[in-house]
Enquirer: 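My questions all concern the structure below.
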Amino acid sequence: SNGLDDEREVKALVAASRITAGMSFRISYSCASEDGCEASASTEIEVDALPDAGFTSFATTYFSNDLPSLITPNETGGVFSTSGGVVLIDNGDGTVTLDPGQIPIGGPYDVTYTLTDTNGCTNEQVQVFSITPVTEVSFSGLLHTYCAGEAAESLVVLSADENGAR
């Protein structure tokens, strides 16, 4: 026998989230038995920074008739995903387009960008938005043409919800 207790296990925790990114260091462990046998092990550890999974901010609320919104990641090479059946248009250049007119009224919906770098580190960012219906407005009680000095006319404003109900 080598005098070492093969059944003994020593555990340690390396909390990478508490270590400054870009730092590297050596972890070593040594032990000696009662009869003087020694053993040691060491390894080099480096903590890589997370990739930047940020992307352009967009509105938290869109109206159903808003123009499409371009979404650009800070670093390309990742994957956009969504919730609630929202479809993003892939522009083929790392950007995507969100078209509020093609998304059901409601929410909240998520847009998530997930990026894995060459070191195997993964990061993601989530932004949340909702779609609000546009209230349609019309009016009646006016002629198309008036002459100067004519009496005032009453204007009746009619608004409708997204289902056309008045």
Enquirer: Check whether any side-chain heavy atom of Leu98 lies under 4.5 Å from a side-chain heavy atom of Val111, and answer yes or no.
Expert: yes

Enquirer: Return the CD to OG distance between Gln127 and Ser57, rounded to the nearest 0.5 Å.
Expert: 4.5 Å

Enquirer: Thr122 and Leu50: which non-hydrogen atoms are nearest, and at how many Å?
Expert: O-CD2, 3.6 Å

Enquirer: What residue pairs, at least two apart or across chains, pass side chain to side chain donor-acceptor pair (under 3.5 Å) with a residue in residues 43-53?
Expert: Asp52-Asn74

Enquirer: Does the Asp117 side chain pair with the main chain of Asn119, one donor and one acceptor, at a distance under 3.5 Å?
Expert: yes

Enquirer: Say whether, by atom type as modelled, one donor and one acceptor occur between the side chain of Asn123 and the main chain of Pro51 under 3.5 angstrom.
Expert: yes

Enquirer: Tell me, please, which residues at least two apart from Ser130 pass side-chain hydrogen bond (donor to acceptor under 3.5 Å, both in side chains).
Expert: none

Enquirer: Give the table of side-chain donor-acceptor pairs shorter than 3.5 Å for residues 58-67, with sequence neighbours excluded, one pair per line with atom names and distance.
Expert:
| residue | atom | partner | partner atom | Å |
| --- | --- | --- | --- | --- |
| Tyr62 | OH | Ala59 | N | 3.4 |
| Tyr62 | OH | Ser69 | OG | 3.3 |
| Asp66 | OD2 | Phe63 | N | 2.8 |

Enquirer: Checking Tyr146 now: which residues fulfil ring-ring contact (aromatic ring centres under 6.0 Å, His included) with it, not counting sequence neighbours?
Expert: none

Enquirer: Is there a side-chain contact between Pro133 and Thr135, using heavy atoms and a 4.5 Å cut-off?
Expert: no

Enquirer: Do any N or O atoms from the side chain of Thr116 and from the backbone of Gly120 form a donor-acceptor pair under 3.5 angstrom?
Expert: no

Enquirer: Quick one: salt bridge (charged side-chain N to carboxylate O under 4.0 Å, His left out) partners of Glu150, sequence neighbours excluded?
Expert: none

Enquirer: Would you be so kind as to tabulate the donor-acceptor pairs closer than 3.5 Å made by side chains of residues 19-26, with sequence neighbours excluded?
Expert:
| residue | atom | partner | partner atom | Å |
| --- | --- | --- | --- | --- |
| Arg26 | NH1 | Ser42 | OG | 3.0 |

Enquirer: Return a table of donor-acceptor pairs under 3.5 angstrom between the side chains of residues 102-110 and protein atoms on other chains or two or more places apart.
Expert:
| residue | atom | partner | partner atom | Å |
| --- | --- | --- | --- | --- |
| Tyr109 | OH | Pro104 | O | 2.8 |

Enquirer: Which heavy atom in Gln125 sits nearest to a heavy atom in Ala53, and how many Å separate them?
Expert: CB-O, 3.4 Å

Enquirer: Please report the C-alpha distance between Phe55 and Val96 in whole Å, then the side-chain angles of each, then the deciding distance to 0.1 Å, and finally whether the side chain to side chain contact (heavy atoms under 4.5 Å, CB included) criterion is met.
Expert: CA-CA 11 Å; Phe55 55 95; Val96 294; over 6 Å; no

Enquirer: Running the 4.5 Å side-chain criterion over Ile, Leu, Val, Met, Phe, Trp and Tyr, what cluster does Val126 land in, apart from itself?
Expert: Val128

Enquirer: In chain order, what residues pass the ring-ring contact (aromatic ring centres under 6.0 Å, His included) check against Tyr113, with sequence neighbours excluded?
Expert: Phe80

Enquirer: Looking at every non-hydrogen atom in both residues, tell me the closest pair between Leu70 and Thr56 and how far apart they are.
Expert: O-OG1, 3.7 Å

Enquirer: Tell me the side chain to side chain donor-acceptor pair (under 3.5 Å) pairs involving residues 83-92, sequence neighbours left out?
Expert: Asn91-Thr95, Asn91-Thr97

